[in-house]
*Asks:* 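Here it is: the structure, laid out below.
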Amino acid sequence: MQSFMNMISRFFTIILIPISTGIAFSQGAAITDPVQFSTPGGVYTGTVNISLACSTPDAAIRYTLDGREPDSSAALYDGIPFQFDSIAVLRARAFATGSAPSQVTTHSYLAGVEHTFPVVSLVFDPAAFFDADTGIYVKYLDDLTAVANIEMFVPEANDAVFNQLVAVEIQGSASASQPQKSLEISAKGSLGNPTIAYPLFPELPFESYRRFVLRNGGQDWCVLQFRDEFASGLLTDRSDMGDILAAPALYTQAWRPAVLYLNGKYWGIHNIRERMNRFYVQQHFNWSSDTFDLVDNFGSVSNGDIVAWNDLFGYLSQTSGFDNDSLFKTLERQIDARNFLDYCVFNIYLENEDWPGNNVRRFRQRSPEGKWRWMTYDLDFTFGLFQQYGGWNTGDASPDALARLLDDTSQVWPNPDWATLLFRRCWQNAGFRRDFANRLADMLNTAFLPARVSERLDVFRTLYQPEISRHYERWWFGNYDSYWLANIETTRQFAFDRPDYVRQEILKAVPEALGLAELEIKANPPGGGRVEVNTVSPTAAQLPWSGIYFAGVSLPVRAIANPGYLFTGWSEPGLGADDSTSIVLAGNTTLIANFEKEDTVTTHTANMEWPAFGIYPNPADKSLTVRGNFAENAEMSARITDGFGRQIAGPWRLTGREMNHLSLDLSGLPGGIYFLKIESANGAVTRKFMVLR
């Protein structure tokens, strides 16, 4: 009977509805039973029939189809089933003499629609959003709230996965001026449910949420429409990379795409986002609200107080000389240094122009061990969308974000001195500069490789393309082909250009960095083990592997033997015998980790399992090195014998600690086959080696 031609999405549907009744009834009166719907809301391929009923005798059912809450003057249900062959939002309420009206029941019927995204449908009294004086969409600068009913539909469920009343507010600052706005959805105990009992983000371990955001794209509205999600996903979604890069220590927002309808009218793409506020900290860390501080930007307190942050800021303002490692350690005791480093590296690569003078949110647990940590969010002004002196959406990758962060003269956005002070103090320390340069190089060699970023961009293009044309028709004159696709290519160009520029930023800012050098790492033999470079861990199958690093900057490397092999040394003699060491590149370098298959003849072991040890080089010339894992206090001896068992050199009486790093002089031995025999109270082990002359 009633038919609406507006379409709605198949995945998510959210409906917002004001709940003030305007109906008076006697205090203590019974409450009429709620209206029962014969068919629940959902996604339907054809016409759907709905009958209404109420178990309270003689109750009258009244309904609306325009989002308003039914009152005693609303249309009376006459018992004839509704038939919907397009989108409809049906709200019903029962009235009985002598009883209070029932609660309002709402169901959304998404008939004859197709979407590849989840769909959000908001249903509300139109005045709650669009009244000239009180509507949250019109008066978006005011602190206003609308009450609504929310339903959500997903492909794997026929019915709504939740259906409840929520509070709705406009979210965002500058982006709130866009015709399409971001909305914050909040569950309230006063509205019947203190949480939304559904795992909105399947990759997270949480079964319920108090708040989430339907984001309009922020400053990226109708440009890419996914810039923030794409940027953060470069590090949060590394499923295409395996474990080659150590997990970044970042706190980011989960997301999933959706389509929004308002009162049955298509309202375009909105990305569902976690809300990064005190509830985020409570949920992710299981901290109660009275146990942590949350401070935004210069000093806006979102939770707790600003005392601890002011103490740290005052200390930084009055203290310099953090080139002293002992003094720097006092600073590291107050901040999560790994998080802060990754947070800054990421924003430098992205060339985030709306940071650090904005979008800074830090938190710490109130305890003697509590350290400040930073949230990563609102990455709209990245990938060349905006530059202070360069225009809009140019894709220009050249601005020096690191120099901006090190500038101590600026007093204004985007890099006022209060926002850069902590980083500038950290930068005084050579160890911090080393770690920053190496971690940035690691990411440039893995997560930020242009080919990888380009492939990720194509993933987002494929994901959004089925929905974007309709979004552009709604909001941007329909020029999807000429604008959106071009914007993707502009972003892609930034991805290919940025690594060279950001490496130059390091060369200008790090005095130890003397140039660029390619490091290639190999294992000898190929199946003997693998090599880690700083925070990059290629598998044995990924070797040889190469990356660009900074000449002159000490770079940690580590050799890891595969089972059945022992590490015997590096191709660079100056690196010593340790499997963990550091190399300072002077130019393009191939570094080989040498491994040796275990080949030990053991006698008189007395049921003792000998620790693994190796000898190298083998064949040897002037010296032979023993490297093992013997108990440091063990009493041991070593001797060299020939093939007939005759002692040629030794014995040497040694502790296990000395044996673990033993170097034997072979200069007096002629070429030939020899045996090194190591003995302890528990037995003996013999290993063959060759001397070449």
*Asks:* R404 versus E351: any side-chain heavy-atom pair under 4.5 Å?
*Replies:*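 With C-beta onward as the side chain, the pair touches.
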*Asks:* Just by distance, no angles: are the side chains of Q504 and D500 close enough, under 3.5 Å, to form a donor-acceptor pair?
*Replies:*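 No.
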*Asks:* Indicate whether the side chain of S454 and that of R492 have a donor and an acceptor atom separated by less than 3.5 Å.
*Replies:*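 Judged by distance alone, the side chains do pair up.
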*Asks:* Kindly indicate whether the side chain of L591, heavy atoms from C-beta on, has any atom under 4.5 Å from the side chain of W570.
*Replies:*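 In contact.
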*Asks:* Between CD1 of I272 and CG of L214, what distance do you get to the nearest 0.5 Å?
*Replies:*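 Here the rounded value is 6.0 Å.
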*Asks:* I want to check something: taking the side chain as every heavy atom from C-beta on, are V533 and L519 in contact at a cut-off of under 4.5 Å?
*Replies:*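 The answer is yes; the side chains approach within 4.5 Å.
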*Asks:* Answer with yes or no whether the side chains of S175 and Q219 bring together a donor and an acceptor at under 3.5 Å.
*Replies:*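 Distance-only check fails for Q219 and S175.
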*Asks:* With no hydrogens and no angle check, just 3.5 Å: does a side-chain donor-acceptor pair link D336 and Y343?
*Replies:*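 Side chains of D336 and Y343: no pair found under 3.5 Å.
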*Asks:* Does this structure show an ion pair linking E229 with R227, if we count only N-O contacts that are shorter than 4.0 Å?
*Replies:*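 Result for this pair is no, no salt bridge flagged.
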*Asks:* Counting only heavy atoms from other residues, nucleotides and ligands, does the tally under 6.0 Å from CZ of F201 exceed 12?
*Replies:*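 For F201, atom CZ is crowded (more than 12 foreign heavy atoms under 6.0 Å).
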*Asks:* Please assess F386 against W355 for the test ring-ring contact (aromatic ring centres under 6.0 Å, His included), listing each intermediate value before the final yes or no.
*Replies:* CA-CA 12 Å; F386 171 84; W355 176 88; over 10 Å; no
*Asks:* For D323 and N429, test the side chains for any donor-to-acceptor distance below 3.5 angstrom and give the result as yes or no.
*Replies:*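 No, because no side-chain N or O of D323 sits under 3.5 Å from a partner of the opposite role on N429.
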*Asks:* Taking the side chain as C-beta and beyond, is there a heavy-atom pair between R361 and V295 under 4.5 Å?
*Replies:*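 Heavy-atom side-chain distance check fails, nothing below 4.5 Å.
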*Asks:* Can you find a heavy atom in the side chain of Q334 that is under 4.5 Å from one in the side chain of K371?
*Replies:*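 Of all side-chain heavy-atom pairs linking K371 with Q334, none is under 4.5 Å.
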*Asks:* Would you please say whether a donor-acceptor pair under 3.5 Å links the side chains of Y251 and R373?
*Replies:*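 Note: Y251 and R373 side chains meet the donor-acceptor criterion.
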*Asks:* What is the ring orientation for F381 with W392, classed by angle as parallel under 30°, tilted 30 to 60°, or perpendicular over 60°?
*Replies:*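 If you compare the ring of F381 with that of W392, the planes turn out perpendicular.
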*Asks:* With a 4.5 Å heavy-atom cut-off, do R461 and L485 have their side chains touching?
*Replies:*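 They are in side-chain contact.
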*Asks:* Would you find more than 12 non-hydrogen atoms of other residues, nucleotides or ligands less than 6.0 Å from D240 atom CG?
*Replies:*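 Check passes, neighbour count above 12.
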*Asks:* Begin with the C-alpha distance, continue with both residues' side-chain angles, and end with the deciding distance and a verdict on side-chain contact (heavy atoms from CB on, under 4.5 Å) for M375 and Y280.
*Replies:* CA-CA 10 Å; M375 296 179 179; Y280 177 96; 3.9 Å; yes
*Asks:* Working to the nearest 0.5 angstrom, can you tell me the gap between D243 CG and R238 CZ?
*Replies:*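 The CZ atom of R238 is 8.0 Å from CG of D243, to the nearest 0.5 Å.
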*Asks:* Assess, by modelled atom type and distance only, whether the side chains of N588 and E518 contain a donor and an acceptor separated by less than 3.5 Å.
*Replies:*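 No, no side-chain donor-acceptor contact under 3.5 Å.
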*Asks:* Ion pair present between E184 and R215, side-chain N to carboxylate O less than 4.0 angstrom?
*Replies:*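 Judged by the 4.0 Å cut-off on N to carboxylate O distance, E184 and R215 do not form a salt bridge.
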*Asks:* Compute whether any side-chain donor of one residue and acceptor of the other, for D578 and S580, lie under 3.5 angstrom apart.
*Replies:*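 D578 vs S580: no donor-acceptor pair found between side chains.
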*Asks:* Is it true that N438 and N534 share a donor-acceptor pair across their side chains at a distance under 3.5 Å?
*Replies:*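 No pair is found: no donor N or O on one side chain lies under 3.5 Å from an acceptor on the other.
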*Asks:* Side chains of E274 and H284 only: does a donor on one sit below 3.5 Å from an acceptor on the other?
*Replies:*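 Yes, side-chain donor-acceptor contact under 3.5 Å.
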*Asks:* CG of N303 to OG of S288: how many Å apart, nearest 0.5 Å?
*Replies:*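 One gets 9.0 Å once the value is rounded to the nearest 0.5 Å.
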*Asks:* Taking D296 first and then R362, would you say they form a salt bridge - that is, a charged N and a carboxylate O separated by under 4.0 Å?
*Replies:*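 A salt bridge is absent here (no side-chain N lies under 4.0 Å from a carboxylate O).
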*Asks:* Calculate, to the nearest 0.5 Å, the distance between atoms CD1 and CD belonging to I348 and E505 respectively.
*Replies:*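 Reported value, rounded in 0.5 Å steps: 6.5 Å.
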*Asks:* Looking at CZ of F279 and CZ of R275, how far apart are the two atoms once the value is rounded to the nearest 0.5 Å?
*Replies:*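 So the gap between those two atoms works out to 10.0 Å.
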*Asks:* Are any of the side-chain heavy atoms of V553 and R433 separated by less than 4.5 Å?
*Replies:*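 The answer is no, as the side chains (C-beta and beyond) never meet within the 4.5 Å cut-off.
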*Asks:* Does a donor on one side chain sit under 3.5 Å from an acceptor on the other, for T535 and R439?
*Replies:*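 Looking only at side-chain atoms, R439 and T535 do form a donor-acceptor pair, the distance falling under 3.5 Å.
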*Asks:* I would like to know whether Y501 and D400 meet side chain to side chain donor-acceptor pair (under 3.5 Å); could you show each step before the answer?
*Replies:* CA-CA 8 Å; Y501 283 113; D400 194 332; over 6 Å; no
*Asks:* Can you see whether W372 has R364 sitting over its ring - NZ or CZ less than 6.0 Å from the centre and within 45° of the normal?
*Replies:*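 Yes, a cation-pi geometry holds between R364 and W372.
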*Asks:* Could you tell me the separation between the CG atom of N347 and the OG1 atom of T382, rounded to the nearest 0.5 Å?
*Replies:*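 Spacing of CG (N347) from OG1 (T382) equals 9.0 Å.
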*Asks:* Side chains of F595 and P525: does their closest heavy-atom pair fall under 4.5 Å?
*Replies:*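 With C-beta onward as the side chain, the pair touches.
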*Asks:* Given F550 and F436, is the ring-ring contact (aromatic ring centres under 6.0 Å, His included) satisfied, shown in steps?
*Replies:* CA-CA 11 Å; F550 299 101; F436 187 93; 9.8 Å; no
